[in-house]
Every structure is written in C-alpha cells, then in structure tokens.
Amino acid sequence: ANLTGTLPAIDGSNLTGISTTHPAWFGRHDQSTGQGIPTDTWTGIANLGNDSVSTTGWNSTTGIFTVPSGKAGVYYAFGAVAIDDIQSDDVIKCGISKNGDSSPGAYGETRAQYSESNGVYQAQHAQVFNLAVGDTLQLYAYHNEGSTEPLEQWLCQFGGFRIFAS
C-alpha cells in the first residue's frame, strides 16, 4: 500500500518559543602565537582564535567569555588542554575559571603512564555555571612536569553556550 498525506516540517520551521539568541562560543588554540604553561601554576589560556565561533561575548585573543547584557542564565562550558613533553607520573589538569578565580574548584585530570618520556597528554573538563551579566569564564591549565611546557594546538579548545535564561 502507498502512504499518502502531509508530513510535519522536520526543519524546525513550525516550532515556536525557541530563542535563536543564546550566546555561544568556541575556539581552538593558535599555536603560531604560542603559549607556555609554567609548572605547578594554574594558567589562563589565551589565543583561541582557530575555528572560532561566537554569537556574542567571546574574545578569542584573551580566551575570555563575558556574559553580555540581558544574557544572564545557566551556561554549559567545556574545554580541553594538552601539553607535550610530559614525563612519567606527571599530571595535567584542565579547569574553567569563573570571574578570574586563579584556582578552579572543579577540574579534569590526566596522569602520564609510568615510564613515559616526552608524551603528549590531554585533560578535559565540562561544567554548568549560573552566570550573571558581566561574569566571565576562561579555560585554565595546570601541570607538574617541572618546566614551562607549550600547549598543543589541535588538542586545546574551549567553548560553551547558554542553556536557558535565569
């Protein structure tokens, strides 16, 4: 038997009450500008201009998202950092700082394998934030390798979006 009739639009055109102005951002680290991460220090990540996407509030040069006027709400943010030349049992951490807090309270962590020598390791983190107008978010990295180490371009990124208004 042949089916007949009209199907509803599957492109979303019939949906109502959905905002298209939710702030969103994303950026990947630009290795050409280089950024070294000192040992045993939480460090804010800048120069996230590669593959950059932003609706509003994103500064890819500083790596800081600022909640725009009228856009307070609950946000989902995610990030990843990777560092080269990690040695046996060294740790790399990834966290998201709210309003310039130099030590993120929640973070992801990866420990190098035993007897590793000069490996590339990545840590990831995702978190939900309640943000007011003017609040900021920035991706932070930490490691204990013993010297300043460079970020890895393809494996370092930061993004997020507003889930709903508060």
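All residue numbers refer to positions in the sequence shown, counting from 1. No experiment lies behind these values; they were computed from the predicted model shown.
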For Asp51, does its backbone N or O pair with a side-chain atom of Arg28 as donor and acceptor, under 3.5 Å? no

Could you tell me which non-hydrogen atom of Thr56 sits nearest to which non-hydrogen atom of Pro68, and how far apart they are? CG2-CG, 3.5 Å

Taking all non-hydrogen atoms of both residues into account, name the closest pair between Thr55 and Pro23 and its distance. OG1-CA, 3.0 Å

Minimum heavy-atom separation for Asp135 and Ala132, please, with both atom names. OD2-N, 2.8 Å

Quick check: are there more than 12 heavy atoms from other residues, nucleotides or ligands sitting under 6.0 Å from CD of Glu109? yes

Hydrophobic cluster membership, Phe161 vs Val53, 4.5 Å side-chain cutoff: yes

Could you state whether Leu131 and Phe78 fall into the same hydrophobic cluster, counting links through intermediate Ile, Leu, Val, Met, Phe, Trp or Tyr residues with side-chain heavy atoms under 4.5 angstrom apart? no

Atom OH of residue position Tyr107 - does it have more than 12 heavy atoms of other residues, nucleotides or ligands inside 6.0 Å? no

Take Val81 and Ile92 through the test side chain to side chain contact (heavy atoms under 4.5 Å, CB included) and record every step on the way to the result. CA-CA 8 Å; Val81 296; Ile92 178 173; 4.1 Å; yes

Measure the spacing between CG of Leu137 and CD1 of Ile96 and express it to the nearest 0.5 Å. 7.0 Å

Provide the closest heavy-atom pair for Ile37 versus His143 in the form atom of the first, atom of the second, distance. O-NE2, 2.6 Å

Ser97 OG to Tyr140 OH distance, which is reported to the nearest 0.5 Å: 4.5 Å

Side-chain heavy atoms nearer than 4.5 Å, only ILVMFWY residues, links allowed to pass through others: does that put Phe158 and Leu151 together? yes

Just to verify, what does Trp58 make a side chain to side chain donor-acceptor pair (under 3.5 Å) with, not counting sequence neighbours? Ser52

So, the side chain of Arg162 versus the backbone of Ala72: is there a donor-acceptor pair under 3.5 Å, distance only? yes

Nearest non-hydrogen partners of Lys71 and Val133, listed with the distance: N-CG2, 4.1 Å

From the options Tyr75, Phe26, Tyr76, select the one residue that forms a ring pair (Phe, Tyr, Trp, His ring centres under 6.0 Å) with Phe65. Tyr75

To the nearest 0.5 Å, atom NZ of Lys93 lies from atom OG1 of Thr110 at 11.5 Å

Rounded to the nearest 0.5 Å, what's the gap from CG on Leu155 to CD on Gln122? Could you check? 5.0 Å

Cluster link Phe129 to Trp25, ILVMFWY, side chain under 4.5 Å: yes

I need the Asp101 CG to Thr136 OG1 distance, nearest 0.5 Å. 10.0 Å

Are Glu149 and Ser147 close enough that a side-chain donor and a side-chain acceptor fall under 3.5 Å? yes

Interatomic distance, OH@Tyr142 vs OG1@Thr41, rounded to 0.5 Å, equals 7.5 Å

